[in-house]
Chemist: 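Before we start, here is the structure in question, set down as structure tokens.
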2 protein chains.
Amino acid sequence: MFVDYEILIAWGSVAKKYKKGEYIFHEGDLPKFFFQVIEGSVKIFNTNNEGREFTQGAFNVGDSFGEPLLFIDELYPSNAITLEDSVIIKLSKDKFFAILDEYPNLQKKLIHVFAERIWNKSTTSRDIINTNPESRIISFLKAYKKKIKKEGEDIEIPYTRQQIANYTGLRVETVIRALAKMKIKKSVQIVKRKLIY
Amino acid sequence: MFVDYEILIAWGSVAKKYKKGEYIFHEGDLPKFFFQVIEGSVKIFNTNNEGREFTQGAFNVGDSFGEPLLFIDELYPSNAITLEDSVIIKLSKDKFFAILDEYPNLQKKLIHVFAERIWNKSTTSRDIINTNPESRIISFLKAYKKKIKKEGEDIEIPYTRQQIANYTGLRVETVIRALAKMKIKKSVQIVKRKLIY
DNA sequence: CGGTTCCTTGAGGATGATCAACGAGGGTGG
DNA sequence: CCACCCTCGTTGATCATCCTCAAGGAACCG
């Protein structure tokens with residue numbers, strides 16, 4: 001979702017700078033704030049005890065994140081970290097609710113955004129549970145192209161092998177080997193280590 | 001979510017009977033209706049080409065389902081099927097929107113329900129991606145107990161091994177063998193094949 | 001009882017994970 | 001310009017885990 005900066009500021013929200021790699025919240029924290037990215041980008045993710053990571057989502061300039069938790073009585077199920085130096089605007093839960101009451105069409109926007117996230121997470125689980133590495137990777141790539149509205153064309157994928165692994169729940173080596181096979185099958189191209197799909 | 005029957009009926013919704021195992025919609029269908037369970041229960045799930053199944057969620061009397069798709073421009077990512085003989089109320093998309101406009105606190109309810117679903121799906125992906133069969137099963141059991149608000153006590157789990165497998169993305173045999181180990185470790189009990197946790 | 005559904009067990013195999021090592025490329029500072 | 005570092009990509013060998021296939025047993029129901 002995106003809430004106008006004027007509104008956020010009028011209601012007393014505070015912008016804060018974060019260095020690359022700083023945590024905005026941790027798994028298990030009590031959710032108290034609405035967050036929106038002003039500059040930079042944010043990743044929401046989980047790690048398990050072996051340090052393995054799973055990326056739940058990424059958020060860029062204009063996106064808010066973590067809002068669902070404000071509506072339910074649960075702790076954050078994941079961590080949020082900046083992917084680069086960033087500025088994040090922060091507003092207390094009750095003020096956020098007040099804004100929602102004031103601007104009913106923000107509620108509609110929110111419903112819309114939540115609906116998208118549910119759809120996203122449904123398709124992701126579906127793809128991850130059922131399939132082999134190659135299909136998982138293809139699903140991920142398709143989702144990316146869809147997100148940036150380049151579904152027709154071949155584009156360079158701006159993710160490292162490790163990032164793809166984190167999004168698909170695979171290991172780097174597995175991603176690399178799968179991509180190698182896919183290159184032979186010509187389902188992807190690899191030019192100077194850059195992935196094209 | 002739950003919308004009062006009087007409201008639904010006033011707006012011309014239709015109740016339909018379904019036999020056990022009938023499809024309400026299929027993956028790939030165009031979403032056109034709001035659905036709410038009046039009697040019986042519904043499961044939303046995916047299958048892959050090998051017939052493997054993944055359960056996305058289950059819905060009981062009073063629950064609506066599939067609503068997120070009404071807000072976005074996508075086809076159903078999953079199937080919906082009745083788990084027993086059921087009665088489902090059905091309302092066209094635009095009438096559903098009209099109701100939402102009429103009753104703003106239904107919007108709030110909807111936001112709340114969507115938020116819960118997002119949380120659910122996040123924790124599920126987290127648990128499924130990262131962990132071994134035993135932890136996945138424990139996560140599933142915990143989620144179930146939480147849902148029915150019996151978190152303190154040991155209860156009989158009303159799911160077959162196959163159903164647990166479908167929820168956790170495992171195979172039946174794996175579930176059975178994991179449960180056997182867990183029984184030895186005393187993390188679950190099995191009495192006359194019934195699972196207690 | 002006969003059928004159906006569910007549970008169980010064993011053997012064998014495939015696949016992805018793990019561990020270890022190395023190569024390529026880009027950036028930085030001397 | 002070169003040396004160094006750091007991140008990212010790659011490869012091979014080995015292993016553990018879960019899946020697959022097959023068969024049979026237990027429980028329940030009409």
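These numbers come from the heavy atoms of this one structure, side chains and all, not from hydrogens, waters or symmetry mates. Every chain is numbered from 1 and lettered A, B, ... according to where its sequence line falls, protein lines coming before strand lines.
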Chemist: With a 4.0 Å cut-off on heavy atoms, is B/Arg52 in touch with a base, just the backbone sugar-phosphate, or nothing at all?
Modeler: sugar-phosphate
Chemist: Please identify which of these residues, A/Val172, A/Leu170, A/Asn166, meets the side-chain contact (heavy atoms from CB on, under 4.5 Å) condition with A/Arg161.
Modeler: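 Among A/Val172, A/Leu170, A/Asn166, the one meeting side-chain contact (heavy atoms from CB on, under 4.5 Å) with A/Arg161 is A/Val172.
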Chemist: Would you say D/dC19 has OP1 or OP2 under 4.0 Å from some side-chain N or O of B/Thr174?
Modeler: yes
Chemist: What integer distance in Å separates A/Leu83:CG from D/dT7:C1'?
Modeler: 16 Å
Chemist: Quick one: on DNA chain C, does A/Pro133 or A/Lys192 contact a more 5' nucleotide (nearest heavy atom)?
Modeler: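 Mapping each residue to its closest nucleotide by heavy atoms, the 5'-most match is A/Pro133.
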Chemist: Salt bridge or not between A/Lys108 and B/Asp101? Use side-chain N to carboxylate O under 4.0 Å.
Modeler: yes
Chemist: Could you state the atom-to-atom distance from CG of B/Leu170 to C1' of D/dT20 in whole Å?
Modeler: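 From B/Leu170 CG to D/dT20 C1': 15 Å.
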Chemist: Verify whether one side chain among B/Gln56 and B/Asn46 offers a donor that lies under 3.5 Å from an acceptor in the other.
Modeler: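 Note: B/Gln56 and B/Asn46 side chains meet the donor-acceptor criterion.
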Chemist: Output the rounded distance in Å from CG (B/Asn132) to C1' (C/dT18).
Modeler: 16 Å
Chemist: How about A/Thr55 and A/Gln163: does a side-chain donor come under 3.5 Å of a side-chain acceptor?
Modeler: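 Side chains of A/Thr55 and A/Gln163: no pair found under 3.5 Å.
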Chemist: Please state how far atom CD1 in A/Ile157 lies from atom P in D/dG9, giving the value in whole angstrom units.
Modeler: 13 Å
Chemist: Rounded to the nearest angstrom, tell me the gap between atom CZ in A/Arg171 and atom C1' in D/dT14.
Modeler: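 Taking CZ of A/Arg171 and C1' of D/dT14, I get 16 Å after rounding.
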Chemist: Please give, in whole Å, the distance from D/dT10 P to A/Met182 CE?
Modeler: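 In whole Å, D/dT10 P lies 13 Å from A/Met182 CE.
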Chemist: Give the C-alpha distance, both sets of side-chain angles, the deciding distance and a yes or no for side-chain contact (heavy atoms from CB on, under 4.5 Å) between B/Ile155 and B/Tyr144.
Modeler: CA-CA 10 Å; B/Ile155 54 170; B/Tyr144 170 68; 3.8 Å; yes
Chemist: Does B/Arg177 make a side-chain donor-acceptor contact with the base of C/dG10, cut-off 3.5 Å?
Modeler: yes
Chemist: With under 30° as parallel and over 60° as perpendicular, where do the rings of B/Phe25 and B/Tyr76 fit, or are they tilted in between?
Modeler: parallel
Chemist: From NZ of A/Lys194 over to P of D/dT7, roughly how many Å is that when rounded to an integer?
Modeler: 16 Å
Chemist: For a quick check, with a 4.0 angstrom heavy-atom cut-off, what is the B/S/- contact string for nucleotides 3-8 of chain C, read 5' to 3'?
Modeler: ----SB
Chemist: Assign the ring pair B/Tyr5 / B/Phe2 to parallel, tilted or perpendicular, where the plane angle (0 to 90°) is split at 30° and 60°.
Modeler: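 Perpendicular, since the angle between the ring planes exceeds 60°.
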